[in-house]
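Input: a single structure, listed below in structure tokens.
Every heavy atom of this structure was used, including side-chain atoms; hydrogens, water molecules and symmetry mates were not.
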Amino acid sequence: MPAFTVWQHDPSPVPVVIAVPHAGRSYPPELVSRMRQPAYSAPRLEDRLVDLVGRAVAERTGAALLVAHAPRAMIDLNRASDDVDWDMVGGGAPDASSAGATPASGRRARSGLGLVPRRLPGLGELWKWPIAHDDLAARIEGVHQPYHAALAALLDTVRARWGAVLLIDLHSMPPLPARAGEPAAEFVVGDRFGAACDGALVAEAFAALGQARRLAAHNRPYAGGYVLERHARRHAGVHCLQLEIDRRTYLDTALAEPGPGLDETVDVVAMLVQRMAIAVADLGRERGYWRAAAE
């Protein structure tokens, strides 16, 4: 299976792109052989089956869709390529003087969830032995770089048609704890605290979720990661949101297989995409008007 698949209409019927970076479950045998307790650790790294939601929503709305098949255990597409825990790579960093040169380097790796996940709570180390340098380089060159190049191309194509584009980076989350007697949010909308998306689009997302009577939170505990940091360009009409969905809403009670709430969850997200598509198109028209006025 390829590392990822792109589905799109030409021309795009709506100015929305959906990306699903963490639901990949195509595990090469050599990867599995290196894992400690793969039957336990692999599913816990996945945004389990949230690609089913993404595909159904894309089919219903016409949004372009990018789905990763390479699993997060192999490489995390929501991390920078330099966010590496070099202690898990044979021989360590290739150049110790430059390994920490960028602000992103090691930002999440120290928690065990860097470019290549290293550990999980309740299990500890995921791997039986270190990763070779050439293996890490192959994952970056063969999966990470092409995935982000494909996503950038999708966003540019849709923006060229509509004047603006919205990326919905689709994830799922374990159930959040209730606080102070209040029920936990079922959806979390992340925009990197305003840096990644126009406020009017964020407001439209919450209006859609409110219309569906779904509890939603803003940026906490998930504000958006590397995908938003890399691809959002508000000034250029590229807006990005991270959408986290409680797995209980679309999976069974074991959080392993599709559950009775899948269709209803698809209905909610499809309605959100349809409402936001109208708002993005309006932004695109405004950008075109002001650009023409400036000229």
Side-chain angles (χ1 to χ4, degrees), residues 1-5 19-55 67-79 83-90 106-132 135-136 138-140 142-144 147 169-178 184-186 188 221-222 225-227 242-262 265:
M1 181 171 285
F4 57 86
T5 302
V20 189
H22 281 169
R25 48 191 180 274
S26 178
Y27 291 89
E30 62 271 20
L31 183 75
V32 176
S33 70
R34 300 177 185 182
M35 300 182 73
R36 297 177 60 236
Q37 302 183 35
Y40 175 88
S41 59
R44 283 158 179 77
L45 285 168
E46 298 173 8
D47 285 352
R48 183 67 177 168
L49 299 179
V50 77
D51 56 310
L52 300 184
V53 177
R55 291 180 187 183
V67 173
H69 306 301
R72 187 181 182 186
M74 175 186 290
I75 192 164
D76 191 333
L77 295 166
N78 201 25
R79 301 289 183 266
D83 201 356
V84 177
D85 183 345
W86 289 106
D87 289 339
M88 67 183 295
V89 180
R107 185 169 52 195
R108 298 297 296 272
R110 287 185 293 274
S111 71
L113 293 175
L115 182 68
V116 178
R118 179 175 179 177
R119 65 179 69 90
L120 279 174
L123 177 64
E125 296 289 330
L126 297 175
W127 307 101
K128 297 176 181 177
W129 54 80
I131 301 169
D135 186 359
L136 177 61
R139 298 183 195 189
I140 294 172
V143 181
H144 193 277
Y147 177 90
D169 198 45
L170 187 63
H171 296 257
S172 70
M173 61 184 180
L176 295 175
E186 297 173 295
V188 178
Y222 305 105
Y226 173 72
V227 170
Q242 180 171 295
L243 182 65
E244 296 272 359
I245 305 174
D246 186 332
R247 291 172 194 151
R248 293 177 300 184
T249 67
Y250 68 94
L251 295 177
D252 60 12
T253 55
L255 303 183
E257 300 298 333
L262 176 61
T265 300

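Residues D252 and P258 form no side-chain contact, since every pair of their non-hydrogen atoms from C-beta on lies 4.5 Å or further apart. Between L77 and V143, some side-chain heavy-atom pair lies under the 4.5 Å cut-off. The shortest distance between side-chain heavy atoms of L45 and P71 does not fall below 4.5 Å. Put simply, the side chain of D135 reaches to within 4.5 Å of the side chain of R34, judged on heavy atoms. No side-chain heavy atom of L243 sits under 4.5 Å from any side-chain heavy atom of D169. Between P21 and H171, some side-chain heavy-atom pair lies under the 4.5 Å cut-off.
Annotation: the span from R36 atom CZ to S41 atom OG amounts to 9.0 Å, rounded to 0.5 Å. In this structure, F4 CZ and H144 NE2 are separated by 12.0 Å, a value rounded to the nearest 0.5 Å. Put simply, OH on Y250 and CZ on R48 are 9.0 Å apart, with the number rounded to the nearest 0.5 Å. Of the inter-residue distances, the one linking D83 atom CG with Y226 atom OH reads 10.0 Å to the nearest 0.5 angstrom. The distance from atom CG of L115 to atom CG of D85, rounded to the nearest 0.5 Å, is 11.0 Å.
Salt-bridge check for R25 with D47: failed, with every basic side-chain N at 4.0 Å or more from each acidic carboxylate O.
Judged by the 6.0 Å and 45° rule, R44 forms a cation-pi pair with Y40.
A donor-acceptor pair under 3.5 Å is absent between the side-chain atoms of R247 and the main chain of V50, judged by distance alone. Judged purely by atom type and a 3.5 angstrom limit, H69 has no side-chain atom pairing as donor or acceptor with the backbone of A23. A donor-acceptor pair is defined here as one N or O able to donate and one able to accept, closer than 3.5 Å; no such pair exists between the side chain of D51 and the backbone of R55.
Every residue two or more places apart in sequence or in another chain was checked for a salt bridge (Lys or Arg N to Asp or Glu O under 4.0 Å) with E244, and none qualifies. Residues forming a salt bridge (Lys or Arg N to Asp or Glu O under 4.0 Å) with D246 (at least two apart in sequence, or on another chain): R248. Under the ring-ring contact (aromatic ring centres under 6.0 Å, His included) criterion, Y222 pairs with no residue, sequence neighbours left out. Annotation: side-chain hydrogen bond (donor to acceptor under 3.5 Å, both in side chains) contacts of D76 (sequence neighbours excluded): H22, R72. For E125, the salt bridge (Lys or Arg N to Asp or Glu O under 4.0 Å) partners are R118, R119, not counting sequence neighbours. For P28, the side-chain contact (heavy atoms from CB on, under 4.5 Å) partners two or more places apart in sequence, or in a different chain, are E30, L31, M74.
When L52, T249, L251 are each tested for a side chain to side chain contact (heavy atoms under 4.5 Å, CB included) with T265, only one passes: T249. Tested against L255 for a side chain to side chain contact (heavy atoms under 4.5 Å, CB included), the candidates P175, P174, P43 yield a single pass: P175.
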inquiry  = Could you go through V89 and V84, starting from their C-alpha distance and side-chain angles, then the distance that decides it, and tell me whether this counts as side-chain contact (heavy atoms from CB on, under 4.5 Å)?
reply    = CA-CA 9 Å; V89 180; V84 177; 4.1 Å; yes
Does I75 form a side-chain contact (heavy atoms from CB on, under 4.5 Å) with Y147? I'd like the steps, not just the answer. CA-CA 11 Å; I75 192 164; Y147 177 90; over 6 Å; no
message = Evaluate Q37 against L123 for side-chain contact (heavy atoms from CB on, under 4.5 Å), listing each step before the verdict.
response = CA-CA 9 Å; Q37 302 183 35; L123 177 64; 3.5 Å; yes
### Query
Going through the checks in order, is the side-chain contact (heavy atoms from CB on, under 4.5 Å) test met by M173 and I245?
CA-CA 6 Å; M173 61 184 180; I245 305 174; over 6 Å; no
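Minimum interatomic distance between G225 and Q242 (heavy atoms only, all atoms of both residues): N-OE1, 3.4 Å. In terms of heavy atoms, V227 sits closest to N78 at N-OD1, 2.9 Å. The two atoms that bring W127 and A73 nearest to each other are CZ2-O, 3.2 Å, heavy atoms only. Across every non-hydrogen atom of P177 and A184, the tightest pair is O-CB, 3.8 Å.
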